[in-house]
Trainee: 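My structure is below; once you've seen it, I'll send some questions.
All values derive from a computational prediction rather than experimental measurement. A, B, ... follow the sequence lines: proteins, then strands. Residue 1 opens every chain.
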Amino acid sequence: MSAQKKRNFKIEAFKHRVELDPNYAERTWRVLEHAIHEIYNHNASGLSFEELYRNAYNMVLHKYGEKLYSGLVNTMTGHLKEIARSIEAAQGGFFLEELNVKWGDHNKALQMIRDILMYMDRTFVPSNHKTPVHELGLNLWRDNIIHSSKIQTRLLDMLLDLIHRERTGEVINRGLMRNITKMLMDLGSSVYQEDFEKPFLGVSASFYSVESQQLIECCDCGEYLRKAERRLNEEIERVSHYLDVKSEVKITSVVEGEMIANHMQRLVHMENSGLVSMLVDDKYEDLSRMYNLFRRVPDGLSTIKDVMTSHLRETGKQLVSDPEKLKDPVDFVQHLLDEKDKYDKIISKAFNNDKTFQNALNSSFEYFINLNNRSPEFISLYVDDKLRKGLKGVSEEDVEVVLDKVMMLFRYLQEKDVFEKYYKQHLAKRLLSGKSVSDDTERSMIVKLKTECGYQFTSKLEGMFTDMKTSIDTMQGFYSSQYSEIGDGPTLAVQVLTTGSWPTQPSAPCNLPAEIVVICEKFRTYYLGTHTGRRLTWQTNMGTADIKATFGKGQKHELNVSTYQMCILMLFNSADQLTYREIEQATEIPPSDLKRCLQSLACVKGKNVLRKEPMSKDIAEDDAFYFNDKFMSKFFKVKIGTVAAQKESEPEKQETRQRVEEDRKPQIEAAIVRIMKSRRVLDHNTIVTEVTSQLQSRFLPNPVIIKKRIESLIEREFLERDKADRKLYRYLA
Amino acid sequence: MVVRQYREVGEKYEEEKEKWTRCGKSRGIPNPYVDMILVDGITLLCNDLQVDPQDIVMLVVSWHMKAATMCEFSRQEFIGGLQYLGIDTIEKFRDKLSYMRSELKDEQKFREIYNFAFGWAKEKGQKSLALDTAIGMWQLLFAERHWPLVDHWCQFLQMRHNKAISRDTWSQLLEFAKTVDLQLSNYDEEGAWPYLIDEFVEYLTENGIVQRGQN
């Protein structure tokens, strides 16, 4: 056979249109329609998926998609209408169950139908912008069942009723509820929201509004909050069990609004159970609950904070103005510390260490501590007490804790320079009488002050320590230079104080006993021999003495007294009886001090080494004093000296304050000059602000004083007013 | 003629100077009055001018002469001043007086004269002006330029202050009188007024002398 030419096969289209027999379309549809019926009647098992699919495929292929689609719509609608009737007919509780069951059925049917009609769903539907089958099925369900007039309201009412019952304590079928709400969500979030959620929120609001009204009338604050919290948790749990998760925030805000926000003021201010009494009684749990609930509503926390602040300020104000509490400075400060501790604890345990609350606490303390202008003095006295004896036997860490707490109070003080003055005085007394618990503790305190206020604050204090040390060396040098010249005479211990570092206490020396004078002069010679150009002045108001005394029956005692007291007692070596006037003349001790000394020597039980006639407590000019032969004490060493720091008397206080005011003037001027030197030209208000901020670590300057200082500087030609603008000042180089 | 006039006046002052040199020298006091016209001389001058020595126009004269202290003119001040004013006879001097009075009505010049008055009226070597003198000057000056509160001001000072007046307070008072109205409605507490003026405002309101208007 010869090679034949290969012929390309060509398949030609029909040259004539092949039309599907229209009856074929109708017949095909009928098959499908029947299938849908069967599916809805739960007879799907007898159907052939393949055949049905093919039929649907053919219809679409032969351009009968529209017929198929609209047929589907009609058929489904028809079935749904029937379903609607059966649901409507259900009685009472069965309504929801019927709905639920039918919904399940519908979904199953829909799935099958969709599978069968998948080809149409993928081709005809998108190109003709029709709703896909599944979605169509949902929409039809929505329109024919859920939105059917006989069903819509009944459904909503049932749901709300069940929820209400659950709220009042009944147990309901949560599974059913979940299915129903899920159904609504599947139908579209707008269905869920419009047909359920919105009314649900509305009804809940009324429910909680009523409940909160009832509760607030009969419950105290703590109880109410417990109940509110419970309701809140209930609702959250409800959502998790059978509502859409997005409903949580909506329903909780309803509860928060009705139960908390609407009654906030009333709760907080409730008599005997509101915020104030919770604070007073340290009700940490209740407070914590209140904090957690209130933080959910706008202005909740600021309400708590404001009430706490005003309560704190009020109680603080009372504390600092109550004369009873002010009698004992150490006690007073302890109260302050306790109050601070209390609130620190509350803020940490109940208020989540919230910074804004911490700030409110700080500002309140700052406010009321400074209401009493003796606070700086009292705080210094507290430290003094602790450093003398209060911290004996306390461990090092505990000591630090106490001092740190005191520093917190110190920070609140506006007049830190007043504190400095008193601290210096008290420290001086402690050092000179050797009454400090431990050098290390003293130093630790100084370091804290230095950290807080800078080097200038503490440089003089440190100078005092240096003097004490140097004096020890000086005394050693003195005694080793004296060899045996001293013999039986009194032993002297001198502390040489540098004038600038120590608090100035101007006092004329009193008349010392002869024996003392001798050795004092020896010391003076020695010292000035090694330190030429210096001047020494005996501060007889600050010293102490140990005297050996023998009483009537031969009892010997060693008396520890102040220098003044020593001078007085030594007089009795040469006289049995002396009047006040005689003593005054002989010793030249200032009258107020003299009276105090005599009182402590003659009028105090157990310390009365002198006898006074008359026996009264007051010292009169003509009183007579006798050496008390009959003095008795079970201790060999008797301490009579009163060198401990006490809170100042009124005139002393005035004096100190005046000195403080005087000290402030140059500081203010220095600040003004510093500022003007760098800024050259400034207006009045800015100067005041700048000066205040520069000095705030020491004290709060009074604007009127600042103005006066400015005028003084103008007069001394450091500054001048600007010629054009009288409110400006110019620096004059 | 001119020179004679001066000399006349000058001679009267030479006399005075002589007197002082005699007394002062014998006490070892240094003679501060070299070439000076003093109180008596001024009285004479005023006589010739037919003017009261207390008349405010003499302040204006002193101002023109840049006199350092009241009741005294140095030769330099006197002659210099007259030259500046173009005065070479007593008649001319007399005529100039009304011109000088009118100068007080000029805002700017009044301010200069007012401020000049402080240095002129105070004691030599002092920084501040004694209260009595200040009050006298204020009465004089505010008669020319009316300030209704001047009497209250002087009363206030005598009651509450009783000390000398600083230059700053003196000059600022004029500003106060010029700018702040009688109801104190435009008085600004933050206005950097000297504290004495702040206290004065307080005094006025406390005593109900002024009902503060709205700020």
Trainee: Does the side chain of T169(B) reach to within under 4.5 Å of the side chain of E711(A), using non-hydrogen atoms?
Mentor: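 Heavy-atom side-chain distance check passes, below 4.5 Å.
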Trainee: Determine whether H684(A) and E190(B) make a side-chain contact, defined as any pair of heavy atoms from C-beta on separated by less than 4.5 Å.
Mentor: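 No. Closest side-chain heavy atoms not under 4.5 Å.
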Trainee: Are P194(B) and R721(A) packed together at the side-chain level, in the sense that at least one heavy-atom pair is separated by less than 4.5 angstrom?
Mentor: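 Yes, close enough: below the 4.5 Å cut-off.
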Trainee: Answer with side chain, backbone, both or neither: which region of S171(B) has an atom nearer than 4.5 Å to a non-hydrogen atom of chain A?
Mentor: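 Contact with chain A: none, neither part.
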Trainee: Specify which of E715(A), R726(A), K707(A) makes the most heavy-atom pairs with chain B at under 4.5 Å.
Mentor: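 With the most close heavy-atom pairs to chain B, the winner is R726(A).
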Trainee: If you count heavy atoms of other groups shown closer than 6.0 angstrom to NZ of K677(A), is the number above 12?
Mentor: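 Count not over threshold, so no.
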Trainee: Is it the case that more than 12 heavy atoms not belonging to E206(B) sit under 6.0 Å from its CD atom?
Mentor: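 Atom CD in E206(B) is packed in, count exceeds 12.
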Trainee: Please say whether more than 12 non-hydrogen atoms of neighbouring residues, nucleotides or ligands are located less than 6.0 Å from NZ in K66(B).
Mentor: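 Result for NZ/K66(B): open.
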Trainee: Does any heavy atom of chain A fall under 4.5 Å from the side chain of E175(B), the backbone, both, or neither of them?
Mentor: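 For E175(B), the contact with chain A is made by the side chain alone.
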Trainee: Does atom CZ of F110(B) have more than 12 heavy-atom neighbours from other groups under 6.0 Å away?
Mentor: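 More than 12 within 6.0 Å, yes.
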Trainee: Please determine, among K727(A), E720(A), R716(A), the option with the most heavy-atom pairs under 4.5 Å with chain B.
Mentor: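 Ranked by heavy-atom pairs under 4.5 Å with chain B, first place is K727(A).
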Trainee: Quick check with a 6.0 Å cut-off and a 45 degree axis cone: is K708(A) positioned over the face of Y195(B)'s six-membered ring?
Mentor: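 Yes, cation above the ring, under 6.0 Å and within 45°.
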Trainee: Would you find more than 12 non-hydrogen atoms of other residues, nucleotides or ligands less than 6.0 Å from K424(A) atom NZ?
Mentor: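 Counting neighbours around NZ of K424(A), more than 12 heavy atoms of other residues, nucleotides or ligands fall under 6.0 Å, so yes.
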Trainee: Heavy-atom count around Q139(B) CD within 6.0 Å, excluding the residue itself: above 12?
Mentor: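 Atom CD in Q139(B) is packed in, count exceeds 12.
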